[in-house]
*Asks:* 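Below you'll find the structure I mean.
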There are 2 protein chains.
Amino acid sequence: MSMGRMARGSPKAGRRAETRTKAQIVEAAIAILDAEGEASLTFRALAARLSTGAGAIYWHVANKDDLLAAATDQVVSHAMATIDANAAAAEDAIRAISLAVFDAFDAHPWIGDQLSLAPGRSGMLQVFEAIGSRLEPLGVPQGARFDAWSALVNYIFGVAAQNADNARRVTGEMTREALLETIAGNWSRLDATEYPFLHEIAACLPGLDDREQFLAGINLILGGIFSAL
Amino acid sequence: MSMGRMARGSPKAGRRAETRTKAQIVEAAIAILDAEGEASLTFRALAARLSTGAGAIYWHVANKDDLLAAATDQVVSHAMATIDANAAAAEDAIRAISLAVFDAFDAHPWIGDQLSLAPGRSGMLQVFEAIGSRLEPLGVPQGARFDAWSALVNYIFGVAAQNADNARRVTGEMTREALLETIAGNWSRLDATEYPFLHEIAACLPGLDDREQFLAGINLILGGIFSAL
DNA sequence: ACCTGAACACCGTTCAAGT
DNA sequence: ACCTGAACACCGTTCAAGT
């Protein structure tokens, strides 16, 4: 009665699986993205890795956008799974969740603009809920909760995505450190009357830690939330 | 002595220009992007609009990334030009600049991840400087200025880019309003013990104004900056 | 110095045909 | 129900040849 897909003997052992699941396809896509980058994820390469034809993938996935969205969601879900839900006080929990998302994006810089609030993305929902549920214990009154949640969640995903985008540009001979030095050099050479601030602040760029800057922003938002209580 | 490219008679009038500038190419690219979307900007379409061959574009532009980066920078530059530098007090100026970037991204939703701190992008530099130079008049001491600037600038570009990405998904039959209703419906149907916050907050989604939420986040960051003074 | 446009080496996606 | 792989309709990019 067509139960042939249930595990027979040890799962994934024995003969090559004759049927793929969407999860397996997404897993293989993530492996290619991590190892070779966004440009190397083609349906042909993915099919080759799965020992099948390109068309087979379309049975499980609507199109490439769907595939990338599923891959992104899987990565976010996995990042959330590393967080111990009850370990920390609410404020520290918000920082931990934020950094987990940031680190996940940093480790998988192919995550671009595949985010969206689109329905059905459970990883995103986990983050949304995890941040939002910490606001009441923090003493944020009901009327202020939505704005606080929105600012945090927008900041987390917006800045993490932008950082991932920056990370994507650091390739091969151009290290991140060298890139910051170059930008600092350009800024310090700007006209000091037209660009006084950038001229002055250029010195801060070398050695900058994006993760710390990300967290500093989270702390400023938290500070704004507290000061409004 | 090869001065043939200087304006002869009225510029852009008379016979078809025999030579294109990078600015003209970028302008034509923006026109296509705005009118027909990201997928319609091909080198063939762009060449057709400029009455030339595809290869000619490569004389002025390194590749498609370069073209998109230049288009993005042009849009940001133009948005900054609409801001009266001395009109408002520092705090209001920061809000005005933020909203100008947000609105520019919203009006040109093809702006995706073409941002980066890459050198030579003058539009970005204008925003960086305009935000940064408002911090001292606001009373932010030197030691706190970099973090405050970084949080604001990261938030502005990160959230504006993400909003543009969301706007890109609203096409044809699916209006933004309908999308929010759908998401609200999904969230309100989530398990109330596993997702209490989303369950509760779903009612806030319909009619949500992204621009107001964006500004609420700016205000929270400003609040955090002030409370640390 | 700049343009032309054919050619190259790919893509995502579809679909008749298989099992 | 799911796979196969050739075929279609494109792309970005290059480059010899032109002016």
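Being a predicted model, the structure only gives us computed values, none of them experimental. Below, each value reflects all heavy atoms present in this structure, side chains not excepted, and no hydrogens, waters or symmetry copies. The chains referred to below are lettered A, B, ... by the order of the sequence lines, with proteins before strands, and numbering in each begins at 1.
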*Asks:* Using modelled atom types and a 3.5 Å cut-off, is there a donor and acceptor pairing between side-chain atoms of B:Y195 and backbone atoms of A:Q126?
*Replies:*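 Not confirmed, B:Y195 side chain does not pair with A:Q126 backbone.
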*Asks:* So A:F157 and A:F128, would you call those rings parallel, tilted or perpendicular, with 30° and 60° as cut-offs?
*Replies:* perpendicular
*Asks:* Salt bridge (Lys or Arg N to Asp or Glu O under 4.0 Å): which pairs involve residues 199-208 of chain B, sequence neighbours left out?
*Replies:*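 Of all non-adjacent pairs touching residues 199-208 of chain B, those that pass salt bridge (Lys or Arg N to Asp or Glu O under 4.0 Å) are A:R145-B:E200.
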*Asks:* Could you tell me whether B:R176 and B:D210 make a salt bridge, using a distance below 4.0 angstrom between a side-chain N and a carboxylate O?
*Replies:* yes
*Asks:* If you write DNA chain D from 5' to 3' in dot-bracket form, with Watson-Crick or G-U pairs under 3.5 Å, [ ] for crossing pairs and | for pairs with another strand, what do you get?
*Replies:* ||.|||||...|||||.||
*Asks:* Just to confirm, is there a sub-4.0 Å distance from OP1 or OP2 of D:dC2 to any side-chain nitrogen or oxygen of A:R20?
*Replies:* no
*Asks:* Has B:W59 got a side-chain N or O lying under 4.0 Å from the OP1 or OP2 atom of C:dC2?
*Replies:* yes
*Asks:* Rounded to whole angstroms, how far apart are NZ on A:K22 and C1' on D:dA1?
*Replies:* 17 Å
*Asks:* Relative to each other, are the rings of B:F43 and B:Y58 parallel, tilted or perpendicular (30° and 60° limits)?
*Replies:*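 If you compare the ring of B:F43 with that of B:Y58, the planes turn out parallel.
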*Asks:* Return the value, rounded to whole Å, for the distance between atom CG of B:L46 and atom P of C:dC3.
*Replies:*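 My rounded result for the distance is 12 Å.
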*Asks:* Please verify the inter-ring angle class for A:W110 with A:H108; under 30° counts as parallel, over 60° as perpendicular, anything in between as tilted.
*Replies:*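 Judged by the thresholds at 30° and 60°, the geometry between A:W110 and A:H108 is perpendicular.
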*Asks:* Give me the distances for all protein-to-nucleotides 11-16 of chain D N/O pairs that come in under 3.5 Å?
*Replies:*
unit_1	atom_1	unit_2	atom_2	d
D:dG12	OP1	B:K64	NZ	2.6
D:dG12	OP2	B:F43	N	3.1
D:dG12	N7	B:R44	NH2	2.6
D:dG12	O6	B:R44	NH2	2.8
D:dT13	OP2	B:Y58	OH	2.8
D:dT13	OP2	B:K64	N	3.0
D:dT13	O5'	B:Y58	OH	3.0

*Asks:* Do B:L33 and B:L68 touch side chain to side chain, with heavy atoms closer than 4.5 Å?
*Replies:* yes
*Asks:* Rounded to the nearest 0.5 Å, how far does CG of B:L99 lie from CZ of B:R211?
*Replies:* 4.5 Å
